[in-house]
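Notes follow once the structure below has been shown.
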Amino acid sequence: MTIEVRNINKSFGDTPVLRDVSTTVESGSLTALLGPSGGGKSTLLRVIAGLEQPDSGTVRISGVDATRMAPQRRNVGFVFQHYAAFKHMTVFNNVAFGLQVRKRGKQEVRRRVTELLELVHLEQMANRYPAQLSGGQRQRMALARALAVEPEVLLLDEPFGALDAQVRKELRAWLRRLHDEVHVTTVFVTHDQEEAIEIADSIVVLANGVVEQAGSPHDIYDNPANPFVMRFLGPVTEIGGHLYRPHDIDLSIEPRAGSTVARVTRVVRLGFEVRVEMQIGEQEAWAQVTRGLAGRLGLKPGSTIHIMPSPDSRLRVEPETSPSATA
Ligand SMILES: Nc1ncnc2c1ncn2[C@@H]1O[C@H](COP(=O)(O)OP(=O)(O)OP(=O)(O)O)[C@@H](O)[C@H]1O
């Protein structure tokens with residue numbers, strides 16, 4: 001179910017929060033809305049859900065103009081960060097709720113809820129109450145509940161945001177697998193670029209109410225549209241007026257055609273990677289190399305090395321970056 005967002009503008013009072021936002025969410029995709037806090041991600045999600053009315057622009061879901069349609073008529077499921085479960089109802093009844101409201105038969109409800117609890121791996125927890133679940137289990141229950149009514153679109157607002165790093169990682173992998181099984185068009189909000197890169201098919205980078213770039217994780221990481229996106233998606237280092245990914249900097253002991261001389265100031269071992277900090281004239285830069293290479297080159301503070309940044313993956317640092325990045 002394709003979602004087409006066209007020229008959406010939205011202000012709260014005098015503050016523009018979405019500025020001429022257009023993007024297309026492909027049917028069956030898992031799309032991340034990624035960006036810094038306050039950039040408008042939640043507002044855009046709420047506009048798609050119908051919980052917020054745009055000042056101008058349109059939202060089409062499956063080709064139908066949904067801009068003025070009530071949320072319950074859009075056939076979207078919604079999960080927020082702090083999910084409010086019905087505390088007095090068991091997990092089973094929480095998931096069954098939407099089906100019962102829709103007056104589905106008892107047999108059907110039982111079959112569907114059992115299926116969903118298996119899907120989210122909570123079949124053993126059916127008779128517990130929400131307070132007896134861990135945070136991650138509660139979020140999975142929330143997803144089962146959102147999926148119960150077979151939405152065409154699933155909208156997730158930082159669904160794992162409140163959980164600790166380890167649980168968060170598990171749930172992301174799980175969400176990816178779930179999506180591969182269910183294929184419902186899903187849009188999730190995150191400010192975590194690693195989360196977006198790891199699980200999304202497509203990323204929309206939103207900052208200060210503007211879409212900075214949209215594309216596959218691979219494309220956005222390797223071909224960022226501007227310095228803001230490049231910095232937001234991963235580590236960068238600046239050399240001679242260009243931004244590079246630190247793993248795209250090649251190091252050697254001997255000078256080569258086109259190489260630049262640098263002095264190593266610090267060598268930091270981080271598991272299998274080594275972060276090599278250096279001084280190039282007055283400028284500081286760093287490179288990320290493997291432990292093997294650092295060992296072979298015998299890098300230590302004070303070493304002289306020759307660096308060759310890969311010319312393919314650089315981006316010129318403009319004095320003026322994108323308008324939203326500097327605001
Ligand atoms: N109902 C509202 N009334 C007034 N201002 C609002 C309202 N909702 C959001 N805003 C403002 O709109 C801007 C964008 O908020 P939004 O929640 O969409 O951003 P976000 O990218 O989702 O940020 P976060 O990651 O922090 O949730 C913020 O400056 C916020 O304060």
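Order of listing sets the numbers, starting from 1, for every ligand and every atom in it.
- Within 6.0 Å of atom CD in Glu284, 12 or fewer heavy atoms from other residues, nucleotides or ligands are found, so the atom counts as exposed in its surroundings.
- Under the 4.0 Å criterion applied to side-chain N and carboxylate O atoms, Arg177 and Glu181 are not assigned as salt-bridge partners.
- Between His242 atom NE2 and Glu238 atom CD the span is 10.0 Å, to the nearest 0.5 Å.
- His179 and His183 have perpendicular rings, their planes meeting at more than 60° on a 0 to 90° scale where under 30° would count as parallel.
- Using a 4.0 Å heavy-atom criterion, the residues that approach ligand 1 are Phe12, Val17, Pro36, Ser37, Gly38, Gly39, Gly40, Lys41, Ser42, Thr43, Glu158.
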For this session: Take Leu206 and Leu34, measure what side-chain contact (heavy atoms from CB on, under 4.5 Å) needs, and give me the verdict at the end.
Result: CA-CA 6 Å; Leu206 196 65; Leu34 174 70; over 6 Å; no
Exercise. Between Arg256 and Asp250, is a salt bridge (charged side-chain N to carboxylate O under 4.0 Å, His left out) present by the stated rule, with each step listed?
Worked result: CA-CA 11 Å; Arg256 286 173 290 176; Asp250 201 17; 3.2 Å; yes
